[in-house]
Amino acid sequence: MPSSPDLYSPLAAWFANHRRALPWREEGTSAWGVLVSEIMSQQTPVARVAEPWRTWMKRWPTPQALARADSAEVLRAWGSLGYPRRALRLHECARTVEREHGGELPVGVEALVALPGIGDYTAAAVASFAQGQRACVLDTNIRRVLTRVLDAKAAPSAHVTKRDRARFEKLLPVEVEHSRIWNEGVMELGALVCRARNPMCEACPLSEHCAWLQAGRPGLGERTTRPQSYEGSDRQIRGRILKTLREGGAATVGTLENASGADSERFVRLLTDLLAEGLISRTASGEITLGAGTHKEEHVHAR
DNA sequence: AATCCGGGGTG
DNA sequence: CACCCAGGATT
């Protein structure tokens with residue numbers, strides 16, 4: 001039985017020469033800073049995250065600082081990164097760290113995944129990149145690279161199966177430092193070379209071991225899932241409402257309805273959803289503002 | 001397992 | 001215009 005090929009050595013050598021100088025990779029970045037970068041990068045390309053991350057970390061360097069912030073400020077600082085509920089969860093995460101962990105980000109996947117907004121990927125990434133832990137990081141890049149190398153398929157399955165996790169975990173080096181380099185390096189390879197659309201196999205350090213390349217790169221342009229159209233979607237309407245509030249402060253319901261471009265019934269439904277999620281609130285004078293508002297008002301109404 | 005949740009950049 | 005992006009929560 002042949003021993004499995006050494007993927008680590010060529011990968012590590014490649015990574016040493018192609019590692020991007022992302023701001024959160026600078027010496028001295030806290031685990032909290034890495035966590036913030038991971039949340040911001042969920043479904044948002046890292047190139048778009050770099051600047052907002054700098055500004056954010058300068059303003060709120062620690063969980064304590066963010067915990068003290070108002071949710072409206074947090075949402076405004078989030079800007080157009082998308083999926084603003086991530087900002088609310090990061091805010092909640094900071095408050096949980098403050099309240100339950102003495103202001104110190106807990107160490108390890110199990111403790112991290114229990115925090116708001118942190119799932120399997122983000123917990124493993126923070127543990128591996130910033131906490132000296134050996135954790136198996138599975139993001140869209142790593143899953144695509146390993147699916148190609150091992151399974152000769154162009155794209156990974158829709159979600160992480162137990163079987164995939166078990167197989168990919170076997171490739172993770174035992175030594176902690178090597179496991180971090182493996183995670184970062186394979187992720188970087190997926191972002192720069194083994195890309196979803198135009199993979200540069202001629203520049204790939206794993207090309208000799210890649211089952212997909214040897215099979216002739218089958219299924220490269222295949223459609224996987226139905227493209228969920230954005231134009232005219234609830235997401236677009238919600239986005240317009242929040243953008244109006246970010247840029248203009250408080251607004252009347254009428255102003256927001258006009259800006260939303262939705263019919264009245266749909267607008268009311270979406271506004272109700274946004275209120276329930278804490279993305280907006282209603283002031284005493286009946287205007288709509290960004291953020292969850294204060295609990296004081298609820299007491300006033302409760303009387 | 002399927003859906004929902006933004007927004008911008010790219011071929 | 002379709003596809004993609006360092007995913008997570010909810011049902």
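Numbers restart at 1 for each chain; the letters A, B, ... are given by sequence-line order, proteins then strands.
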Phosphate OP1/OP2 of B/dC4 contacted by A/R85 side-chain N/O (<4.0 Å): no
Atom CD of A/E184 and atom OG of A/S128: how far apart are they, to the nearest 0.5 Å? 6.5 Å
B/dG6 base to A/T44 side chain: any donor-acceptor pair below 3.5 Å? yes
Is any side-chain nitrogen or oxygen of A/Y83 closer than 4.0 Å to OP1 or OP2 of C/dG7? no
Donor-acceptor pair (no angle test) under 3.5 Å: A/R197 side chain, C/dC3 base: yes
Using whole Å, what does the distance between atom P of nucleotide B/dC5 and atom CG of A/D273 come to? 8 Å
A/Q42 side chain N/O closer than 4.0 Å to the phosphate oxygens (OP1, OP2) of C/dG7? no
Between A/D139 (CG) and C/dC4 (P), how many Å, whole number? 15 Å
Would you mind reading off the distance between A/E51 atom CD and B/dG9 atom P, rounded to a whole angstrom? 14 Å
Distance between P atoms of B/dG11 and C/dA6 (Å, rounded): 14 Å
What does A/G119 touch in the nucleic acid at a heavy-atom separation under 4.0 angstrom: a base, only the sugar-phosphate, or nothing? sugar-phosphate
A/Y121 atom OH is separated from C/dA9 atom P, nearest whole Å, by 14 Å
Taking only the side-chain nitrogens and oxygens of A/T122, find out if one of them lies under 4.0 Å from OP1 or OP2 of C/dA6. no
Proximity to the side chain of A/H159 - top-ranked nucleotide from B/dC5, B/dA1, C/dA6: B/dA1
Got a second to check how far A/T289's OG1 is from A/D70's CG, nearest 0.5 Å? 8.5 Å
With a 3.5 Å cut-off and just heavy-atom distances, do the side chain of A/R48 and the base of B/dG7 make a donor-acceptor pair? yes
A/E247 and A/K243 ion-paired at < 4.0 Å: yes
Give a yes/no answer on whether the side chain of A/R86 brings an N or O atom under 4.0 Å of OP1 or OP2 in C/dG7. no
With heavy atoms under 4.0 Å as the rule, sort A/W24 into base, sugar-phosphate or nothing. base
Kindly say whether A/L81 contributes a backbone atom to a donor-acceptor pair with the side chain of A/T44 at under 3.5 angstrom? yes
Separation of C/dA6 P from A/R195 CZ (nearest whole Å): 12 Å
Go through C/dA6, C/dA9, B/dG7 for me and flag the one nearest to the A/L22 side chain. C/dA6
Could you check whether the rings of A/H178 and A/Y8 sit parallel, tilted or perpendicular, using 30° and 60° as the cut-offs? parallel
Aromatic plane relationship, A/W14 with A/H18 - under 30° parallel, 30 to 60° tilted, over 60° perpendicular: parallel
To the nearest Å, how far apart are A/Y230 OH and B/dC5 P? 11 Å
Any base atoms under 4.0 Å from A/A125, or only sugar-phosphate, or nothing? Heavy atoms, all strands. nothing
Taking it one step at a time, do A/E188 and A/R19 satisfy salt bridge (Lys or Arg N to Asp or Glu O under 4.0 Å)? CA-CA 7 Å; A/E188 198 80 334; A/R19 182 176 184 272; over 6 Å; no
Could you please name the option among B/dG7, B/dG6, C/dG7 that lies closest to any side-chain atom of A/P45? B/dG7
What nucleotide among B/dG6, B/dG7, C/dG8 has an atom nearest to a side-chain atom of A/R246? B/dG7
In whole angstrom, give the distance that lies between atom CG of A/L81 and atom P of B/dG7. 10 Å
Where each residue is assigned the nucleotide of DNA chain B containing its nearest heavy atom, which of A/N198 and A/L242 is assigned the position nearer the 5′ end? A/L242
Please state how far atom CZ in A/R143 lies from atom C1' in C/dC4, giving the value in whole angstrom units. 14 Å
For the side chain of A/R235, starting at C-beta, report the closest nucleotide among C/dA6, B/dC5, C/dC5. B/dC5
B/dG6 and C/dC3, which share atom name C1', separated by this distance in whole Å: 15 Å
